[in-house]
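Predicted, not measured: the structure shown is a model, and the values here were computed from it. When a ligand or atom number is given, it counts from 1 through the structure's own listing order.
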Amino acid sequence: MSDDCRLWHGAGLFTSIAGAAPITDGALVTRGERIEWVGAAAALPTSLRDACVVAHDLGDAWITPGLIDCHTHLVFAGTRAQEYSARLRGASYEGLAGAGGGILETMRATRAASEAALLAASRPRLAALCAEGVTTVEIKSGYGLDFASEAKMLRVARALGEEFPVTVRTSFLGAHALPPEFTGRADDYIDTLSGDWLPRLTQAGLVDAVDIYCDRIGFSPAQARRLFTAARALGLPVKMHAEQLANLGGSLLAAEFAALSCDHLEHTTAADAAALAAAGTVAVLLPVAWYCLGETRRPPVDALRTAGVELAVASDCNPGSAPGASLLLALAMATRSFGLDQAEALCAATRGAAQALGLGANRGTLEPGRIADFAIWNIGGPEELGYWTGFNPCRAVIRAGRIVHGELQRGH
Ligand code: DI6
Ligand code: FE
């Protein structure tokens with residue numbers, strides 16, 4: 001990678017730095033894969049401007065940090081469209097799961113798929129996210145639920161990271177549902193995950209973090225404690241699906257382990273929010289799942305804000321509760337359904353999401369020294385993100401200082 005300086009100007013800048021105002025006539029200088037300088041064009045030092053070997057005049061655009069989708073299950077086979085029909089006719093998500101459908105339905109399809117087929121099925125979903133300005137994505141396992149199939153999913157996630165211009169972070173979600181081989185033996189399953197699968201998958205370089213579905217149709221906080229203890233012994237950060245369908249005390253446990261994030265949180269209390277804030281755990285909101293499940297209880301956004309919890313928004317791309325691959329749609333739903341304003345939602349899909357993946361030091365904001373991952377938008381102001389609902393105004397995507405998607409100039 002060359003260390004050349006490039007100037008990007010003729011654009012507004014939304015830096016996602018907490019409390020920073022948007023810059024209407026901005027300039028951004030990159031050097032190689034990093035950001036060198038960010039600010040108002042009028043304040044750009046002449047010496048730095050002269051040092052730039054290339055100047056990209058974007059002519060009427062806005063630049064934001066590359067979007068970060070910090071919660072996806074985008075590697076899976078099959079669909080659950082039939083189940084969706086049943087739910088439209090009144091069947092419940094929990095009822096279908098209890099009858100051996102739900103996550104186990106996707107487990108059967110995912111186990112049966114070859115690695116190549118799983119990769120092929122996942123590509124269009126990741127391509128859709130990348131076209132929306134996403135430069136970092138988290139991908140969970142959790143539809144294999146046996147050692148070989150969990151490893152297969154994680155290898156596919158790594159392969160996607162090689163193939164696409166996106167940074168992939170993997171989360172091991174073996175504790176997503178109880179597989180049929182362990183019926184009636186959930187504690188044995190947790191022991192197997194903790195003592196056998198997780199160390200081997202970690203040794204193979206396939207795991208960046210450990211997640212658990214802690215809910216009525218998942219696992220208990222006591223089981224999460226055992227899994228998290230094993231993760232900590234391996235030096236892995238943890239995260240949790242918590243309080244989606246009921247409050248089991250998962251977020252308090254996640255806070256005790258200083259989890260990177262706690263995700264869903266529809267049933268979280270003010271006391272839980274205070275614990276998350278004290279632990280520095282990010283609250284990841286998943287409005288597409290909330291919408292597609294027809295939920296009515298919203299996560300307590302005011303209580304999370306008041307407590308000072310960092311918020312993130314993610315797509316939750318999965319075949320059951322959030323069948324889609326659009327972070328922009330999640331942003332729009334986070335504003336209308338959960339009451340975030342557009343700037344807050346945009347920070348949540350950049351700075352908050354970076355923190356939810358443990359990447360806050362290098363990504364998520366436009367600041368000198370950070371990786372030069374950013375998106376260029378055909379919009380008149382940053383308030384158009386979280387406003388357009390089912391429309392993608394992304395013009396181009398820059399990853400580590402290089403153009404990886406779209407055209408720099410607005411098309412005619
Ligand atoms: N994330 C999950 O892991 C579960 N719900 C959610 O929002 C289950 C996903 C599924 O039904 O496949
Ligand atoms: Fe999820």
Neighbour count above 12 (heavy atom, 6.0 Å) for [X] [atom1]:
X    : atom1 : answer
F147 : CZ    : yes
E115 : CD    : yes
F182 : CZ    : yes

For ligand 1, find each of its N or O atoms that sits under 3.5 Å from a protein N or O atom, and tabulate the pairs with distances to one decimal place.
residue  : atom   : partner : partner atom : Å
ligand 1 : 1 (N)  : H73     : NE2          : 3.3
ligand 1 : 1 (N)  : H241    : NE2          : 3.2
ligand 1 : 3 (O)  : H73     : NE2          : 3.3
ligand 1 : 3 (O)  : H176    : NE2          : 2.6
ligand 1 : 3 (O)  : H241    : NE2          : 3.2
ligand 1 : 5 (N)  : S321    : OG           : 3.3
ligand 1 : 7 (O)  : H264    : NE2          : 2.8
ligand 1 : 7 (O)  : D316    : OD2          : 2.4
ligand 1 : 7 (O)  : S321    : OG           : 3.2
ligand 1 : 11 (O) : R80     : NH2          : 2.7
ligand 1 : 11 (O) : Y93     : OH           : 2.5
ligand 1 : 12 (O) : R80     : NH1          : 3.0
ligand 1 : 12 (O) : R80     : NH2          : 3.4
ligand 1 : 12 (O) : Y143    : OH           : 2.5

So, D215 side chain and G218 main chain: donor-acceptor pair closer than 3.5 Å or not?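 Between the backbone of G218 and the side chain of D215 there is no qualifying donor-acceptor contact (under 3.5 Å).
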In the structure I gave you, are the side-chain heavy atoms of T136 and D373 within less than 4.5 Å of one another anywhere?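 T136 reaches D373 side chain to side chain.
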Fit a plane to each ring of [X] and [Y], take the angle between them on a 0 to 90° scale, and name the class: parallel (under 30°), tilted (30 to 60°) or perpendicular (over 60°).
X    : Y    : answer
F338 : W290 : perpendicular
W197 : Y189 : perpendicular
H71  : H264 : perpendicular

Electrostatic pair R216:E243 at N-O distance under 4.0 angstrom: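 So R216 does not pair with E243 through a salt bridge.
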Using a strict cut-off of 2.8 Å, how many protein N/O/S atoms surround the Fe ion (ligand 2)?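 Under the 2.8 Å cut-off, the count stands at 4.
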